[in-house]
Amino acid sequence: MTAVRPDAPPLAELIRLALGLDLALEVSVCDLRHHAGDPLCLDGVRWSVHLRSRAAPVHPDELPYRPSVEAALAWCRECLDDTVAAAVPADPAEPVPVPRSGPRDLVADPVPVLLRLAAQHAGQTLTVRFTRAGCTLHRHDGDGVRVVATAPDLHDFER
């Protein structure tokens, strides 16, 4: 039997969906490749992808555990119905957010930038939060989550 990558939409497509629905897309990544060869430690790069309300905070205890970005995207897609339902306000008097922009172009593939950022912070979990307002880069520390940088676009973190 051969391991096959899950069928998942590209990350850029999910970012476009999140922005169109006025949600936040959180991508967490942790580069553990320096543990290669140690049978007691995980190695490789771990991923998680979550759609959330724009008002929801980044969760400090949510750590990436999927072995590939495709596996994380497939899981996010499986949970999409529940995620969209959870974004609907509980108060019936509160209006449901409606997308107010036309179709958006796909962003450049964010995965190479995410991998470079993770390699620069090896062993630490980073979460990038994509919203209509731009991107925020968060680093998970032992006592919480700290905002490291804010930019209009993910690619600005490399400049």
Side-chain angles (χ1 to χ4, degrees), residues 5-6 8-36 41-80 82-84 86-87 89 97-159:
R5 291 195 183 273
L11 182 55
E13 187 66 43
L14 199 55
I15 292 170
R16 182 165 67 167
L17 174 67
L19 299 181
L21 294 174
D22 201 17
L23 296 171
L25 181 74
E26 293 176 5
V27 179
S28 296
V29 60
C30 186
D31 185 337
L32 298 170
R33 290 179 287 187
H34 65 282
H35 291 300
C41 296
L42 290 175
D43 68 346
V45 179
R46 300 290 178 227
W47 296 86
S48 69
V49 177
H50 297 280
L51 278 168
R52 303 198 191 286
S53 161
R54 273 187 308 116
V58 173
H59 297 277
D61 58 343
E62 254 182 32
L63 302 176
Y65 60 92
R66 303 279 174 198
S68 69
V69 69
E70 293 86 1
L73 288 164
W75 176 252
C76 184
R77 187 184 64 194
E78 280 185 43
C79 300
L80 191 58
D82 294 334
T83 301
V84 172
V98 176
R100 295 179 189 175
S101 66
R104 293 178 173 263
D105 293 332
L106 281 177
V107 296
D109 184 10
V111 173
V113 176
L114 291 166
L115 286 170
R116 284 191 291 275
L117 289 170
Q120 291 170 5
H121 298 272
Q124 295 182 305
T125 296
L126 299 178
T127 298
V128 177
R129 194 163 203 268
F130 298 89
T131 66
R132 284 186 181 177
C135 297
T136 52
L137 176 62
H138 305 259
R139 186 180 63 229
H140 296 244
D141 293 327
D143 54 339
V145 176
R146 300 188 197 304
V147 175
V148 176
T150 302
D153 183 74
L154 175 68
H155 293 77
D156 293 334
F157 293 143
E158 292 192 304
R159 295 183 185 136

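All values reported here derive from a predicted model rather than from experimental measurement.
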Within this structure, what is the [atom1]-[atom2] distance for the pair [X] and [Y], rounded to the nearest 0.5 Å?
X     : Y      : atom1 : atom2 : result
Leu32 : Gln124 : CG    : CD    : 11.0 Å
Arg16 : Phe130 : CZ    : CZ    : 14.5 Å
Asp31 : Arg46  : CG    : CZ    : 11.0 Å
Tyr65 : Cys30  : OH    : SG    : 14.5 Å
Glu62 : Ser48  : CD    : OG    : 6.5 Å

Do [X] and [Y] have side-chain heavy atoms sitting under 4.5 Å apart?
X      : Y      : value
Thr127 : Val145 : no
Leu63  : His140 : yes
Cys135 : Leu154 : yes
Val148 : Thr136 : no
Val27  : Leu114 : yes
Arg54  : Asp22  : yes
Arg129 : Val58  : yes
Leu137 : Val147 : no

Shortest non-hydrogen contact from [X] to [Y]?
X      : Y      : result
Ser53  : Ala24  : O-CB, 4.0 Å
Ser28  : Thr125 : CB-CG2, 4.3 Å
Arg139 : His121 : CD-ND1, 4.4 Å
Cys76  : Leu51  : SG-N, 4.0 Å
Phe157 : Ala151 : CE2-CB, 3.6 Å
Ala119 : Arg33  : CB-NH2, 3.9 Å

### Candidate pair Glu26 and Val49, rule side-chain contact (heavy atoms from CB on, under 4.5 Å), full reasoning
CA-CA 6 Å; Glu26 293 176 5; Val49 177; over 6 Å; no
### Task
With sequence neighbours left out, write down each residue that passes side-chain contact (heavy atoms from CB on, under 4.5 Å) with Asp143, or none if nothing qualifies.
Asp141, Arg146
#### Entry: N-O pairing of Glu70 and Arg77 below 4.0 Å
no
### Trace of the side-chain contact (heavy atoms from CB on, under 4.5 Å) decision for Leu11 with Leu25
CA-CA 10 Å; Leu11 182 55; Leu25 181 74; 3.9 Å; yes
### Side-chain donor or acceptor of Asp82 paired with backbone N/O of Cys79 under 3.5 Å
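Absent.
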### Task
Report the C-alpha separation of Leu17 and Leu80 in whole Å, then their side-chain angles, then the decisive distance to 0.1 Å, and conclude whether the side-chain contact (heavy atoms from CB on, under 4.5 Å) test is met.
CA-CA 11 Å; Leu17 174 67; Leu80 191 58; 4.2 Å; yes
